[in-house]
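For reference, the structure discussed in these notes is given below.
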Amino acid sequence: MNDKIRVRFAPSPTGELHLGNVRTAIFNWLFAKKNDGVFVLRIEDTDRNRYVETAVETITNSLQWMGLNWDEGPDIGGEFGPYNQSERLNLYNSIAEKLLLTNMAYKCYCTTERLQQLRETQTKNKQQIGYDGYCRNTSSNQKTNLENSKFVLRFRVPQSGITSLTDSIHGTKTFPNKLIDDFILIKTDGYPTYHFANVIDDHYMKISHVLRADEWLSSTPKHLLIYESLEWKPPIYIHLPIILGSDKSRLSKRHGATSIMEYKAEGFLPDAMLNALSLLGWALDDKTTIISREELTKKFELDKISKSPSMFDIEKLKWINSQYIRTTDNQNLNSILYSFLENNYKEKSKDYPFTLKYLSQITPLIKERINTLNEADDWINFFFHDCRKYTIEELIPKNMTLENTILLLKQSILTLQNTTPFNAELINNNLRTQAVSLDISIRQLLGSLRMAITAQKVAPPLFETIEILNKTRTIKLIEKAIDFLENPVNK
RNA sequence: GAUCCUAUCGUCUAGUAGGUUAGGACACAAGACUUUCAAUCUUGUAACACGGGUUCGAAUCCCGUUAGGAUCGCCA
């Protein structure tokens with residue numbers, strides 16, 4: 001008896017993986033990990049029109065980035081392959097043949113024009129929309145005349161009775177069969193539809209639990225009908241609540257970034273994404289908001305999945321991400337940050353080389369100030385290239401004059417020159433002493449210096465910044481500011 | 001239009017055998033700290049969609065209403 005838990009994530013290669021897909025993948029993955037099961041990746045590429053060449057790679061990259069490793073899949077194979085549906089056409093066809101023989105399916109020669117018109121009339125007359133069974137009872141004699149024209153294979157849905165569906169989180173629901181139309185199994189191009197392929201694959205791949213989005217709930221009776229006709233045992237269904245955008249409609253492009261790779265590009269950490277997405281429609285208890293990958297795989301429970309759809313909140317994601325940034329140790333964070341900024345900074349940093357070592361001094365200063373990796377840029381910019389973009393007003397502290405400011409800056413150069421060793425602590429002490437002797441507040445002093453050195457109102461802690469820049473560079477920057485104040489017209 | 005799903009602070013949620021000052025987190029506001037910005041700490045505002053029942057007692061059980069969402073493709 002084989003009761004091993006086997007789940008699958010089955011995206012179609014039509015583009016990027018969006019947040020909803022990823023959440024589905026996460027729940028499948030967690031469920032497999034928690035129960036020592038198998039996580040299968042299956043590519044549902046039965047739509048030749050929407051097929052995107054690069055999509056499979058994008059999908060696998062996204063999954064890998066998120067750390068959702070699969071045990072069986074198109075690239076690594078497995079006992080129940082192949083894992084691309086396009087490579088399983090023979091299987092689908094043989095089953096289709098079987099259904100045709102037992103009269104559970106029939107060929108339909110209706111043109112798309114007829115079907116479209118049918119739908120229009122149904123809509124206009126406010127009738128139930130769906131295939132009207134035109135070819136359902138056409139005799140085989142008539143059909144032979146049509147043998148040359150294109151046909152689809154339709155499932156012959158029982159016209160009476162009910163199909164009942166038991167879902168782990170929604171309970172048992174019943175659907176009258178007469179409301180289900182004769183849906184298509186095989187398209188004119190010979191490829192199966194989702195309804196058909198997914199049932200066959202789930203069966204042959206021995207999938208025990210199907211965790212998929214709520215939007216499939218209404219078509220599940222169709223799938224159940226196929227299982228029944230083939231005398232197969234259906235898997236256990238778990239329909240996951242849908243993720244909504246900020247306007248409560250289904251998450252889509254309108255809501256900004258939806259693809260997982262966009263989040264990667266914005267500097268979100270994979271573990272933070274995992275944490276945040278896991279908590280969308282699932283909760284461990286009444287207080288946990290930060291939960292590690294490991295803990296998640298230990299404590300994930302199906303019965304804690306909520307029934308209602310949830311809105312995706314970018315603010316909470318940012319907060320969770322900031323928590324992960326802060327708890328990553330400095331060295332680790334530094335290399336993450338380095339590779340994140342590398343491409344951009346290699347050429348951008350004209351005045352000072354962008355190296356792992358140099359960055360490692362800076363990283364601790366911004367660690368608690370950024371929510372996402374890409375926010376780092378605003379903070380550390382000036383470390384790598386000098387830019388004087390301040391105005392005279394910005395250099396002059398509150399309640400001070402131009403002359404006093406120039407004096408203050410000149411005095412600061414002297415102070416810094418005499419600071420040895422040149423470390424933050426001593427710089428701190430000496431500048432404070434200087435402020436007292438000039439009879440100004442440390443606030444005033446640092447305000448002006450900060451602008452002169454970093455060209456920003458808001459910057460990392462100044463004493464550490466000065467130490468990292470080193471004495472020569474700092475003094476040069478202050479000299480520039482003085483020069484600017486003394487000869488503004490030339491600039 | 002038909003079928004199905006759902007309903008606790010603005011948002012994510014706890015509440016699973018009816019009895020809680022309805023808890024936590026994000027966000028927001030105020031204060032403390034402070035070298036700018038953060039971080040941190042304290043405090044605060046804020047919810048059971050509505051209407052009927054059942055019950056001594058309902059966020060919790062039942063019925064109805066409303067609202068939102070999904071599905072109804074030779075897309076998945």
Side-chain angles (χ1 to χ4, degrees), chain A residues 10-14 44-47 49-50 108 110-112 115-116 119 122-131 150-154 165 167 170 173-176 179-181 183-195 197-198 212-221 239 241-242 244 246 248-250 276 279-290 303-304 306-320 322 326 365-371 378-379 428 431-432 435 441-447 449-451 454 456-463:
Chain A
S12 65
T14 52
E44 311 223 322
D45 54 351
T46 55
D47 185 344
N49 299 324
R50 291 204 310 155
C108 167
C110 291
T111 59
T112 41
L115 295 175
Q116 196 183 333
R119 207 167 303 128
Q122 285 168 337
T123 312
K124 202 164 57 187
N125 299 338
K126 302 195 170 173
Q127 289 168 311
Q128 194 190 320
I129 295 165
Y131 185 60
K150 292 190 167 184
F151 65 88
V152 298
L153 197 70
R154 285 188 186 272
L165 143 68
D167 181 280
H170 293 288
K173 311 286 166 192
T174 58
F175 300 76
L179 294 178
I180 305 171
D181 71 340
F183 55 95
I184 294 173
L185 262 17
I186 303 278
K187 303 179 263 186
T188 44
D189 64 3
Y191 280 71
T193 57
Y194 170 86
H195 300 309
N198 112 16
R212 60 171 28 159
D214 244 351
E215 65 205 71
W216 292 110
L217 196 61
S218 7
S219 45
T220 306
H239 284 96
I242 279 175
L244 309 172
S246 48
K248 289 197 169 187
S249 71
R250 209 223 302 230
L279 258 27
L280 224 45
W282 183 84
L284 175 63
D285 52 31
D286 61 340
K287 50 174 84 69
T288 307
T289 37
I290 297 297
D303 56 13
K304 289 186 172 173
S306 66
K307 294 179 177 181
S308 50
S310 35
M311 245 186 244
F312 174 70
D313 182 10
I314 184 80
E315 291 306 322
K316 190 142 186 177
L317 205 219
K318 278 186 189 167
W319 180 81
I320 290 176
S322 76
R326 253 178 275 148
L365 301 187
I366 60 164
K367 191 176 181 178
E368 304 211 322
R369 275 162 249 266
I370 56 175
N371 296 316
D378 289 340
W379 291 93
N428 184 347
L431 283 177
R432 276 178 201 279
S441 72
I442 189 74
R443 247 189 163 80
Q444 288 172 305
L445 174 62
L446 295 184
L449 276 179
R450 179 175 298 110
M451 189 53 75
T454 71
Q456 291 171 190
K457 267 195 200 108
V458 173
L462 199 56
F463 306 127

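Worth knowing before you read on, the calculation uses all heavy atoms, side chains too, and leaves out hydrogens, waters and symmetry mates. To find a chain, count down the sequence lines: A is the first, B the second, and so on, and within it residues start at 1.
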When you measure from the side chain of Ser12(A), which nucleotide among A76(B), U36(B), C74(B) comes out closest? A76(B)

From C74(B), A25(B), U35(B), nucleotide with atom closest to Trp319(A) side chain: A25(B)

Scanning all shown strands, the Watson-Crick or wobble mate of U6(B) with both distances under 3.5 Å is A67(B)

5′-ward residue of the pair Thr174(A)/Asp285(A) relative to RNA chain B: Thr174(A)

Nearest to the Ser308(A) side chain among U13(B), G1(B), A7(B), which nucleotide is it? A7(B)

If we take the C1' atom in both C26(B) and A47(B), what is their distance in whole Å? 15 Å

Which part of the nucleic acid does Leu462(A) contact within heavy-atom distance under 4.0 Å: base, sugar-phosphate only, or nothing? base

Return yes if the base of C4(B) and the side-chain atoms of Ser218(A) contain a donor-acceptor N/O pair under 3.5 Å, otherwise no. no

C28(B) and U34(B): how far apart are their C1' atoms, nearest whole angstrom? 22 Å

Sugar-phosphate, base or nothing in reach of Arg443(A), heavy atoms under 4.0 Å: sugar-phosphate

Lys316(A) (side chain) and A25(B) (base): donor-acceptor pair under 3.5 Å: yes

Which residues pass the salt bridge (charged side-chain N to carboxylate O under 4.0 Å, His left out) test with Lys307(A), not counting sequence neighbours? none

What nucleotide among C74(B), C37(B), U35(B) has an atom nearest to a side-chain atom of Val458(A)? C37(B)

So if I take every side-chain heavy atom of Glu44(A) and compare against A76(B), C12(B), C37(B), which nucleotide ends up nearest? A76(B)

The nucleotide from U35(B), A76(B), C26(B) with an atom nearest the side chain of Ile442(A) is U35(B)

Counting side-chain heavy atoms from C-beta on, which of C37(B), A76(B), A39(B) comes nearest to Arg369(A)? C37(B)

Of the candidates U6(B), C4(B), A39(B), the side chain of Lys307(A) sits closest to U6(B)

Pairwise C1' distance for A76(B) and G23(B), with rounding to whole Å: 41 Å

Between Ser322(A) and Arg326(A), is there a side-chain donor-acceptor contact under 3.5 Å, judged purely by atom types and distance? yes

Answer with yes or no whether Lys173(A) presents, from its side chain, a donor or acceptor under 3.5 Å of a partner atom in the base of C4(B). no

Nearest-angstrom distance, P atom, G68(B) to U11(B): 15 Å

Select base, sugar-phosphate, or nothing to describe what Phe463(A) touches, counting heavy atoms under 4.0 Å on all strands. base

Testing U71(B), A38(B), A27(B) for proximity to the side chain of Glu215(A), the answer is U71(B)

Checking contacts here: which listed nucleotide (C12(B), A27(B), U71(B)) is nearest the side-chain heavy atoms of Met311(A)? C12(B)

Show the nearest heavy-atom pair for residues Thr123(A) and Arg119(A), with the distance to one decimal. OG1-O, 2.6 Å

Quick one: closest heavy-atom pair of Arg450(A) and Lys457(A), and the distance? CD-O, 3.4 Å

So which nucleotide does G31(B) pair with, by the Watson-Crick or G-U wobble rule with both distances under 3.5 Å? C41(B)

Going from CG on Leu449(A) to CD on Gln444(A), what distance comes out if it is rounded to the nearest 0.5 angstrom? 12.0 Å

